[in-house]
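Since the structure comes first, as C-alpha coordinates, the remarks are kept for the end.
Keep in mind that this is a model prediction, so the values were computed, not measured. Proteins come first, then strands; the chains are lettered A, B, ... in the order of their sequence lines, and each starts at number 1.
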Protein chains: 2
Amino acid sequence: MTEAMAGRRDAGAVSEFVESFAAQLVEAGMQRMPARVFAALLSSDTGALTSAELGEQLQISPAAVSGAVRYLAQQHMVSREREPGSRRERYRVHSDQWYEAITNREAVLKRWQYALRDGVDRLGAETPAGRRIAETLAFFDFIDGEISQMMDRWRAHREKHFGNG
Amino acid sequence: MTEAMAGRRDAGAVSEFVESFAAQLVEAGMQRMPARVFAALLSSDTGALTSAELGEQLQISPAAVSGAVRYLAQQHMVSREREPGSRRERYRVHSDQWYEAITNREAVLKRWQYALRDGVDRLGAETPAGRRIAETLAFFDFIDGEISQMMDRWRAHREKHFGNG
DNA sequence: CGCTTCTTTCAGAAATTTGTGAAGTTAAGG
DNA sequence: CCTTAACTTCACAAATTTCTGAAAGAAGCG
(Lines give C-alpha, C1' and ligand atoms only; values in the text may rest on other atoms or scores of the structure.)
Protein backbone atom coordinates (compact mmCIF):
# COMPACT_ATOMS: atom_id res chain seq x y z
CA MET A 1 0.00 0.00 0.00
CA THR A 2 1.51 3.33 -1.04
CA GLU A 3 1.72 6.29 1.26
CA ALA A 4 -0.85 8.17 -0.79
CA MET A 5 -3.37 5.40 -0.26
CA ALA A 6 -2.90 5.07 3.46
CA GLY A 7 -6.08 5.98 5.28
CA ARG A 8 -7.71 6.82 2.00
CA ARG A 9 -10.35 4.88 0.18
CA ASP A 10 -10.27 4.17 -3.49
CA ALA A 11 -13.62 5.57 -4.60
CA GLY A 12 -13.48 3.54 -7.79
CA ALA A 13 -12.97 0.25 -5.99
CA VAL A 14 -15.77 1.05 -3.57
CA SER A 15 -18.11 1.95 -6.38
CA GLU A 16 -17.33 -1.20 -8.30
CA PHE A 17 -18.12 -3.33 -5.28
CA VAL A 18 -21.27 -1.38 -4.54
CA GLU A 19 -22.61 -1.80 -8.04
CA SER A 20 -21.69 -5.45 -8.39
CA PHE A 21 -23.09 -6.49 -5.03
CA ALA A 22 -26.20 -4.40 -5.59
CA ALA A 23 -26.68 -6.12 -8.94
CA GLN A 24 -26.73 -9.49 -7.16
CA LEU A 25 -29.28 -8.26 -4.68
CA VAL A 26 -31.42 -6.97 -7.53
CA GLU A 27 -31.18 -10.32 -9.26
CA ALA A 28 -32.42 -11.93 -6.06
CA GLY A 29 -35.49 -9.71 -6.11
CA MET A 30 -34.56 -6.54 -4.23
CA GLN A 31 -35.42 -3.19 -5.77
CA ARG A 32 -32.62 -1.29 -7.42
CA MET A 33 -32.32 1.77 -5.19
CA PRO A 34 -32.62 -0.04 -1.85
CA ALA A 35 -30.00 -2.50 -3.07
CA ARG A 36 -27.56 0.25 -4.05
CA VAL A 37 -28.09 2.20 -0.85
CA PHE A 38 -27.63 -0.90 1.23
CA ALA A 39 -24.44 -1.88 -0.57
CA ALA A 40 -23.10 1.65 -0.16
CA LEU A 41 -23.71 1.57 3.59
CA LEU A 42 -22.17 -1.87 3.88
CA SER A 43 -18.97 -0.70 2.22
CA SER A 44 -18.72 2.62 4.02
CA ASP A 45 -16.00 3.18 6.57
CA THR A 46 -18.21 3.77 9.57
CA GLY A 47 -21.23 1.78 8.42
CA ALA A 48 -23.31 4.95 8.39
CA LEU A 49 -23.93 7.68 5.82
CA THR A 50 -26.11 10.76 5.52
CA SER A 51 -28.73 11.27 2.88
CA ALA A 52 -26.52 13.81 1.10
CA GLU A 53 -23.55 11.44 1.08
CA LEU A 54 -25.65 8.66 -0.37
CA GLY A 55 -27.10 10.93 -3.02
CA GLU A 56 -23.67 12.14 -3.99
CA GLN A 57 -22.01 8.75 -4.07
CA LEU A 58 -24.78 7.01 -5.97
CA GLN A 59 -25.78 10.00 -8.11
CA ILE A 60 -29.42 9.86 -7.14
CA SER A 61 -31.96 12.42 -6.00
CA PRO A 62 -32.93 13.05 -2.37
CA ALA A 63 -36.32 11.55 -3.23
CA ALA A 64 -34.69 8.31 -4.30
CA VAL A 65 -32.65 8.16 -1.11
CA SER A 66 -35.75 8.78 0.94
CA GLY A 67 -37.68 5.97 -0.73
CA ALA A 68 -34.83 3.49 -0.53
CA VAL A 69 -34.17 4.22 3.11
CA ARG A 70 -37.82 3.93 4.04
CA TYR A 71 -37.91 0.49 2.49
CA LEU A 72 -34.70 -0.65 4.18
CA ALA A 73 -35.85 0.61 7.56
CA GLN A 74 -39.16 -1.23 7.22
CA GLN A 75 -37.21 -4.40 6.51
CA HIS A 76 -35.04 -3.71 9.56
CA MET A 77 -31.96 -3.75 7.38
CA VAL A 78 -30.83 -0.28 8.40
CA SER A 79 -31.67 2.00 11.26
CA ARG A 80 -32.06 5.74 11.28
CA GLU A 81 -30.04 7.89 13.60
CA ARG A 82 -30.20 11.57 14.27
CA GLU A 83 -27.36 13.39 15.86
CA PRO A 84 -29.04 15.39 18.60
CA GLY A 85 -29.50 18.99 17.62
CA SER A 86 -29.27 18.45 13.89
CA ARG A 87 -31.73 18.01 11.08
CA ARG A 88 -29.36 15.67 9.38
CA GLU A 89 -30.21 12.01 9.48
CA ARG A 90 -27.75 9.15 9.37
CA TYR A 91 -28.55 5.70 8.07
CA ARG A 92 -26.66 2.80 9.56
CA VAL A 93 -26.17 -0.93 9.04
CA HIS A 94 -25.63 -2.62 12.38
CA SER A 95 -23.28 -5.52 11.77
CA ASP A 96 -25.60 -7.95 13.44
CA GLN A 97 -28.97 -6.38 12.79
CA TRP A 98 -29.20 -6.94 9.12
CA TYR A 99 -28.59 -10.60 8.71
CA GLU A 100 -31.06 -11.19 11.45
CA ALA A 101 -33.38 -9.34 9.11
CA ILE A 102 -32.45 -11.38 6.07
CA THR A 103 -33.42 -14.64 7.70
CA ASN A 104 -36.42 -12.90 9.07
CA ARG A 105 -38.58 -14.11 6.31
CA GLU A 106 -40.80 -14.75 9.31
CA ALA A 107 -43.54 -12.47 8.06
CA VAL A 108 -43.41 -14.11 4.64
CA LEU A 109 -43.33 -17.57 6.14
CA LYS A 110 -46.29 -16.83 8.39
CA ARG A 111 -48.40 -15.66 5.47
CA TRP A 112 -47.52 -18.73 3.45
CA GLN A 113 -48.43 -20.98 6.34
CA TYR A 114 -51.73 -19.19 6.73
CA ALA A 115 -52.56 -19.47 3.03
CA LEU A 116 -51.65 -23.16 2.97
CA ARG A 117 -53.64 -23.99 6.09
CA ASP A 118 -56.57 -22.27 4.49
CA GLY A 119 -56.04 -24.34 1.35
CA VAL A 120 -56.11 -27.61 3.27
CA ASP A 121 -59.42 -26.57 4.80
CA ARG A 122 -60.93 -25.50 1.51
CA LEU A 123 -59.87 -28.51 -0.48
CA GLY A 124 -60.39 -31.07 2.27
CA ALA A 125 -57.64 -32.77 4.27
CA GLU A 126 -58.54 -36.13 2.81
CA THR A 127 -58.35 -35.19 -0.84
CA PRO A 128 -55.17 -35.76 -2.85
CA ALA A 129 -54.64 -32.03 -3.32
CA GLY A 130 -55.35 -31.41 0.36
CA ARG A 131 -52.73 -33.95 1.36
CA ARG A 132 -50.16 -32.44 -0.98
CA ILE A 133 -50.76 -28.99 0.43
CA ALA A 134 -50.68 -30.30 3.99
CA GLU A 135 -47.25 -31.75 3.37
CA THR A 136 -46.05 -28.43 1.99
CA LEU A 137 -47.39 -26.76 5.09
CA ALA A 138 -45.55 -29.28 7.27
CA PHE A 139 -42.37 -28.36 5.47
CA PHE A 140 -42.75 -24.68 6.30
CA ASP A 141 -43.67 -25.44 9.89
CA PHE A 142 -40.47 -27.44 10.11
CA ILE A 143 -38.35 -24.73 8.49
CA ASP A 144 -39.79 -22.14 10.81
CA GLY A 145 -38.45 -23.93 13.87
CA GLU A 146 -35.13 -24.79 12.28
CA ILE A 147 -34.29 -21.26 11.27
CA SER A 148 -34.39 -19.85 14.76
CA GLN A 149 -32.13 -22.67 16.00
CA MET A 150 -29.78 -21.98 13.14
CA MET A 151 -29.56 -18.33 14.09
CA ASP A 152 -28.73 -19.32 17.67
CA ARG A 153 -25.85 -21.39 16.36
CA TRP A 154 -24.72 -18.53 14.14
CA ARG A 155 -24.60 -16.13 17.08
CA ALA A 156 -22.40 -18.58 18.99
CA HIS A 157 -20.22 -19.13 15.95
CA ARG A 158 -19.92 -15.43 15.35
CA GLU A 159 -19.01 -14.57 18.90
CA LYS A 160 -16.28 -17.19 18.82
CA HIS A 161 -14.79 -15.93 15.58
CA PHE A 162 -15.44 -12.21 15.66
CA GLY A 163 -15.93 -11.40 19.31
CA ASN A 164 -18.75 -9.01 20.15
CA GLY A 165 -17.68 -6.66 17.33
CA MET B 1 -70.29 -33.35 2.18
CA THR B 2 -73.28 -33.77 -0.11
CA GLU B 3 -73.63 -36.59 -2.54
CA ALA B 4 -73.20 -34.21 -5.46
CA MET B 5 -69.83 -33.12 -4.13
CA ALA B 6 -68.45 -36.60 -3.55
CA GLY B 7 -65.47 -37.18 -5.78
CA ARG B 8 -65.95 -33.76 -7.29
CA ARG B 9 -63.90 -30.70 -6.74
CA ASP B 10 -65.36 -27.33 -6.00
CA ALA B 11 -63.83 -25.23 -8.77
CA GLY B 12 -64.54 -22.06 -6.84
CA ALA B 13 -62.73 -23.23 -3.71
CA VAL B 14 -59.76 -24.37 -5.78
CA SER B 15 -59.59 -21.08 -7.60
CA GLU B 16 -59.75 -19.09 -4.39
CA PHE B 17 -56.87 -21.02 -2.94
CA VAL B 18 -54.86 -20.74 -6.15
CA GLU B 19 -55.26 -17.00 -6.31
CA SER B 20 -54.60 -16.35 -2.64
CA PHE B 21 -51.52 -18.56 -2.45
CA ALA B 22 -50.22 -17.17 -5.74
CA ALA B 23 -50.67 -13.67 -4.35
CA GLN B 24 -48.41 -14.56 -1.42
CA LEU B 25 -45.78 -15.93 -3.75
CA VAL B 26 -45.95 -12.77 -5.82
CA GLU B 27 -45.55 -10.68 -2.70
CA ALA B 28 -42.43 -12.68 -1.92
CA GLY B 29 -40.99 -11.78 -5.31
CA MET B 30 -42.17 -14.44 -7.73
CA GLN B 31 -43.63 -13.37 -11.07
CA ARG B 32 -47.37 -13.46 -11.43
CA MET B 33 -47.83 -16.17 -14.04
CA PRO B 34 -45.31 -18.66 -12.63
CA ALA B 35 -46.91 -18.18 -9.22
CA ARG B 36 -50.42 -18.87 -10.52
CA VAL B 37 -49.34 -21.86 -12.57
CA PHE B 38 -47.46 -23.30 -9.65
CA ALA B 39 -50.37 -22.84 -7.26
CA ALA B 40 -52.70 -24.46 -9.79
CA LEU B 41 -50.47 -27.51 -10.07
CA LEU B 42 -50.11 -27.75 -6.32
CA SER B 43 -53.84 -27.82 -5.84
CA SER B 44 -54.62 -30.17 -8.71
CA ASP B 45 -55.82 -33.68 -8.00
CA THR B 46 -52.95 -35.54 -9.60
CA GLY B 47 -50.27 -32.89 -9.22
CA ALA B 48 -49.99 -32.59 -12.98
CA LEU B 49 -51.83 -30.59 -15.64
CA THR B 50 -51.53 -30.02 -19.36
CA SER B 51 -50.92 -26.67 -20.97
CA ALA B 52 -54.52 -26.52 -22.16
CA GLU B 53 -55.87 -27.27 -18.69
CA LEU B 54 -53.72 -24.58 -17.16
CA GLY B 55 -54.76 -22.04 -19.78
CA GLU B 56 -58.41 -22.86 -19.26
CA GLN B 57 -58.33 -22.81 -15.48
CA LEU B 58 -56.29 -19.63 -15.20
CA GLN B 59 -57.75 -17.90 -18.25
CA ILE B 60 -54.38 -17.21 -19.82
CA SER B 61 -52.93 -17.69 -23.30
CA PRO B 62 -50.75 -20.61 -24.40
CA ALA B 63 -47.87 -18.14 -24.62
CA ALA B 64 -48.29 -17.23 -20.97
CA VAL B 65 -48.37 -20.88 -19.95
CA SER B 66 -45.26 -21.53 -21.96
CA GLY B 67 -43.35 -18.69 -20.34
CA ALA B 68 -44.46 -19.59 -16.82
CA VAL B 69 -43.60 -23.24 -17.24
CA ARG B 70 -40.19 -22.50 -18.69
CA TYR B 71 -39.41 -20.40 -15.64
CA LEU B 72 -40.67 -23.03 -13.19
CA ALA B 73 -38.73 -25.78 -14.91
CA GLN B 74 -35.53 -23.74 -14.79
CA GLN B 75 -36.05 -23.30 -11.07
CA HIS B 76 -36.65 -27.06 -10.75
CA MET B 77 -40.02 -26.38 -9.24
CA VAL B 78 -41.91 -28.45 -11.81
CA SER B 79 -40.89 -31.09 -14.29
CA ARG B 80 -42.15 -31.68 -17.77
CA GLU B 81 -43.54 -35.01 -18.80
CA ARG B 82 -44.63 -36.27 -22.15
CA GLU B 83 -46.95 -39.19 -22.48
CA PRO B 84 -45.23 -41.38 -25.08
CA GLY B 85 -46.80 -41.04 -28.48
CA SER B 86 -48.45 -37.70 -27.84
CA ARG B 87 -47.60 -34.11 -28.52
CA ARG B 88 -49.25 -33.10 -25.30
CA GLU B 89 -47.01 -32.13 -22.45
CA ARG B 90 -47.82 -32.47 -18.79
CA TYR B 91 -46.34 -30.31 -16.05
CA ARG B 92 -45.92 -31.84 -12.64
CA VAL B 93 -44.99 -30.84 -9.11
CA HIS B 94 -43.19 -33.69 -7.43
CA SER B 95 -44.10 -33.53 -3.77
CA ASP B 96 -40.49 -33.57 -2.73
CA GLN B 97 -38.80 -31.93 -5.65
CA TRP B 98 -40.06 -28.47 -5.20
CA TYR B 99 -39.20 -27.62 -1.65
CA GLU B 100 -35.76 -28.90 -2.34
CA ALA B 101 -35.80 -26.21 -5.01
CA ILE B 102 -37.08 -23.51 -2.70
CA THR B 103 -34.19 -23.87 -0.30
CA ASN B 104 -31.95 -24.18 -3.28
CA ARG B 105 -31.05 -20.59 -3.22
CA GLU B 106 -27.67 -22.17 -3.72
CA ALA B 107 -27.04 -20.34 -6.99
CA VAL B 108 -28.03 -17.05 -5.39
CA LEU B 109 -25.96 -17.75 -2.32
CA LYS B 110 -22.92 -18.63 -4.40
CA ARG B 111 -23.11 -15.39 -6.34
CA TRP B 112 -23.45 -13.36 -3.15
CA GLN B 113 -20.46 -15.11 -1.67
CA TYR B 114 -18.45 -14.42 -4.77
CA ALA B 115 -19.37 -10.74 -4.83
CA LEU B 116 -18.58 -10.35 -1.13
CA ARG B 117 -15.23 -12.11 -1.39
CA ASP B 118 -14.40 -9.77 -4.22
CA GLY B 119 -15.43 -6.83 -2.05
CA VAL B 120 -13.11 -7.87 0.76
CA ASP B 121 -10.24 -8.03 -1.73
CA ARG B 122 -11.04 -4.69 -3.29
CA LEU B 123 -11.54 -2.78 -0.07
CA GLY B 124 -8.80 -4.50 1.90
CA ALA B 125 -9.29 -7.11 4.61
CA GLU B 126 -7.85 -4.77 7.23
CA THR B 127 -10.09 -1.82 6.56
CA PRO B 128 -13.26 -1.26 8.58
CA ALA B 129 -15.45 -1.79 5.53
CA GLY B 130 -13.46 -4.88 4.56
CA ARG B 131 -13.98 -6.37 7.99
CA ARG B 132 -17.69 -5.67 7.88
CA ILE B 133 -18.02 -7.34 4.51
CA ALA B 134 -15.88 -10.29 5.63
CA GLU B 135 -18.25 -10.87 8.50
CA THR B 136 -21.21 -10.80 6.16
CA LEU B 137 -19.43 -13.32 3.98
CA ALA B 138 -18.80 -15.53 7.00
CA PHE B 139 -22.51 -15.46 7.70
CA PHE B 140 -23.35 -16.74 4.24
CA ASP B 141 -20.66 -19.39 4.40
CA PHE B 142 -22.22 -20.52 7.65
CA ILE B 143 -25.75 -20.52 6.28
CA ASP B 144 -24.64 -22.48 3.26
CA GLY B 145 -23.52 -25.41 5.38
CA GLU B 146 -26.48 -25.24 7.73
CA ILE B 147 -29.10 -25.40 5.03
CA SER B 148 -27.97 -28.73 3.65
CA GLN B 149 -27.98 -30.21 7.16
CA MET B 150 -31.42 -28.81 7.71
CA MET B 151 -32.68 -30.48 4.56
CA ASP B 152 -31.26 -33.80 5.74
CA ARG B 153 -33.24 -33.44 8.94
CA TRP B 154 -36.34 -32.52 6.98
CA ARG B 155 -36.10 -35.64 4.86
CA ALA B 156 -35.89 -37.78 8.00
CA HIS B 157 -38.77 -35.89 9.58
CA ARG B 158 -40.83 -36.23 6.43
CA GLU B 159 -40.26 -39.93 6.03
CA LYS B 160 -41.33 -40.47 9.61
CA HIS B 161 -44.53 -38.48 9.26
CA PHE B 162 -45.55 -39.00 5.66
CA GLY B 163 -43.81 -42.20 4.63
CA ASN B 164 -42.23 -42.26 1.22
CA GLY B 165 -45.32 -40.71 -0.38
C1' DC C 1 -42.00 33.68 15.10
C1' DG C 2 -39.62 33.31 10.93
C1' DC C 3 -35.43 31.65 8.51
C1' DT C 4 -32.91 27.93 7.06
C1' DT C 5 -31.78 23.26 6.31
C1' DC C 6 -33.01 18.82 5.64
C1' DT C 7 -36.54 15.22 4.54
C1' DT C 8 -40.81 13.62 2.57
C1' DT C 9 -44.58 13.60 -0.61
C1' DC C 10 -46.50 13.88 -5.13
C1' DA C 11 -47.45 14.21 -10.10
C1' DG C 12 -45.68 12.89 -14.14
C1' DA C 13 -42.05 11.37 -17.76
C1' DA C 14 -39.32 7.52 -18.93
C1' DA C 15 -38.14 2.89 -18.71
C1' DT C 16 -39.31 -1.68 -17.82
C1' DT C 17 -42.24 -5.59 -17.46
C1' DT C 18 -46.15 -8.31 -18.64
C1' DG C 19 -49.31 -10.88 -21.49
C1' DT C 20 -51.32 -11.37 -25.99
C1' DG C 21 -52.10 -12.66 -30.92
C1' DA C 22 -49.92 -14.35 -34.68
C1' DA C 23 -46.38 -16.52 -37.01
C1' DG C 24 -42.95 -20.13 -36.62
C1' DT C 25 -41.30 -24.72 -35.22
C1' DT C 26 -41.53 -29.51 -34.02
C1' DA C 27 -43.13 -34.09 -34.18
C1' DA C 28 -46.98 -37.65 -34.46
C1' DG C 29 -49.85 -40.16 -37.57
C1' DG C 30 -51.77 -41.09 -41.70
C1' DC D 1 -44.36 -36.48 -47.35
C1' DC D 2 -48.31 -33.95 -45.80
C1' DT D 3 -51.47 -32.72 -42.31
C1' DT D 4 -52.39 -31.46 -37.96
C1' DA D 5 -51.88 -30.82 -33.00
C1' DA D 6 -49.19 -28.93 -29.81
C1' DC D 7 -45.60 -25.88 -27.95
C1' DT D 8 -42.47 -21.73 -28.54
C1' DT D 9 -40.92 -17.35 -30.11
C1' DC D 10 -41.57 -12.64 -31.29
C1' DA D 11 -43.29 -7.88 -31.86
C1' DC D 12 -46.18 -4.93 -29.81
C1' DA D 13 -49.80 -2.68 -26.76
C1' DA D 14 -51.01 -2.07 -22.14
C1' DA D 15 -50.01 -1.86 -17.48
C1' DT D 16 -46.86 -1.13 -13.98
C1' DT D 17 -42.76 0.50 -11.85
C1' DT D 18 -39.10 3.68 -11.18
C1' DC D 19 -36.94 7.98 -10.52
C1' DT D 20 -37.02 12.86 -10.82
C1' DG D 21 -37.97 17.89 -9.98
C1' DA D 22 -40.82 20.69 -7.49
C1' DA D 23 -43.59 21.76 -3.73
C1' DA D 24 -44.79 20.87 0.91
C1' DG D 25 -43.59 19.59 5.57
C1' DA D 26 -40.75 19.35 9.89
C1' DA D 27 -37.48 21.00 13.15
C1' DG D 28 -33.37 23.45 14.87
C1' DC D 29 -31.85 28.08 15.94
C1' DG D 30 -31.71 32.88 16.19
Side-chain angles (χ1 to χ4, degrees), chain A residues 15 18-19 22-41 44 46 48-75 77-93, chain B residues 15 18-19 22-41 44 46 48-75 77-93:
Chain A
S15 177
V18 166
E19 296 306 327
Q24 296 305 326
L25 294 175
V26 167
E27 197 143 337
M30 193 186 279
Q31 288 162 0
R32 179 174 201 70
M33 287 293 144
R36 296 181 71 211
V37 166
F38 182 73
L41 288 172
S44 69
T46 59
L49 294 170
T50 64
S51 173
E53 290 166 336
L54 285 165
E56 156 96 12
Q57 184 181 336
L58 301 174
Q59 288 296 304
I60 58 180
S61 71
V65 174
S66 176
V69 156
R70 178 178 23 165
Y71 174 83
L72 291 170
Q74 272 173 358
Q75 303 298 312
M77 291 178 70
V78 310
S79 47
R80 314 164 96 100
E81 299 180 352
R82 198 154 209 160
E83 331 174 31
S86 164
R87 281 139 277 188
R88 184 170 287 162
E89 225 158 19
R90 238 177 168 50
Y91 308 108
R92 174 179 302 279
V93 279
Chain B
S15 176
V18 167
E19 296 306 327
Q24 296 304 326
L25 295 175
V26 167
E27 197 143 337
M30 192 186 280
Q31 288 163 1
R32 180 179 197 68
M33 287 294 143
R36 296 181 72 210
V37 166
F38 183 72
L41 289 172
S44 69
T46 60
L49 295 171
T50 64
S51 174
E53 289 166 337
L54 285 165
E56 156 96 11
Q57 185 181 336
L58 302 174
Q59 288 295 305
I60 59 180
S61 71
V65 175
S66 176
V69 157
R70 177 176 25 162
Y71 174 83
L72 292 170
Q74 271 173 357
Q75 304 298 312
M77 291 177 70
V78 311
S79 46
R80 313 163 97 99
E81 299 179 351
R82 197 156 209 157
E83 331 173 31
S86 164
R87 282 141 277 190
R88 184 170 287 161
E89 225 157 21
R90 230 170 178 48
Y91 308 107
R92 175 177 303 279
V93 280

For the pair made of CZ in Arg32(B) and C1' in dT16(C), what is the distance, rounded to whole Å? 17 Å
What is the distance from CZ of Arg90(B) to C1' of dA6(D), rounded to the nearest Å? 14 Å
Does the side chain of Val69(B) come within less than 4.5 Å of Glu89(B)'s, by heavy atoms? no
How close do Arg82(B) and Arg87(B) get, heavy atom to heavy atom, and via which atoms? NH2-O, 3.1 Å
Regarding the side chain of Arg82(A), the nearest nucleotide among dT7(C), dG29(C), dT5(C) is dT7(C)
Would you kindly compare Pro84(A) and Pro34(A) by the position of their nearest DNA chain D nucleotide and give the one closer to the 5′ end? Pro34(A)
Closest heavy-atom contact between Ile60(A) and Leu54(A)? CG1-O, 4.4 Å
Side-chain N,O (Gln31(B)) to OP1/OP2 (dT17(C)) below 4.0 Å: no
Audit row: Met30(A), Gln75(A), side chain to side chain contact (heavy atoms under 4.5 Å, CB included) steps and yes/no: CA-CA 11 Å; Met30(A) 193 186 279; Gln75(A) 303 298 312; over 6 Å; no
Figure out the CZ/C1' separation between Arg87(A) and dG2(C), and round it to whole Å. 13 Å
Is Arg36(B) touching bases, backbone alone, or none of the nucleic acid, heavy atoms closer than 4.0 Å? nothing
Less than 4.5 Å apart, side chain to side chain, heavy atoms only: is that true for Leu72(A) and Tyr91(A)? no
Tightest non-hydrogen contact, residues Ala68(A) and Val37(A), listed as CB-CG2, 3.7 Å
Are Arg80(A) and dT8(C) close enough that a side-chain N or O sits under 4.0 Å from OP1 or OP2? yes
Can you tell me how far C1' of dA6(D) sits from CD of Glu53(B), to the nearest Å? 14 Å
Protein-nucleotide distance (Glu89(B), atom CD; dT25(C), atom P), rounded to Å: 19 Å
Separation of dT17(D) C1' from Glu27(B) CD (nearest whole Å): 16 Å
Looking only at side-chain N and O atoms, does Arg88(A) come under 4.0 Å of OP1 or OP2 in dC6(C)? yes
Is it true that a side-chain atom of Arg36(B) and a backbone atom of Leu58(B) form a donor plus acceptor pair closer than 3.5 Å? yes
Can you sort out which residues in residues 63-74 of chain B have a heavy atom within less than 4.0 Å of DNA chain D? Ascending by number, please. Ala63(B), Ser66(B), Arg70(B)
Roughly how many Å is it from CD1 in Ile60(B) to C1' in dC7(D), rounded to a whole number? 14 Å
Could you check how far CE of Met33(B) sits from P of dA15(D), rounded to whole Å? 14 Å
Just to confirm, is there a sub-4.0 Å distance from OP1 or OP2 of dT7(C) to any side-chain nitrogen or oxygen of Ser51(A)? yes
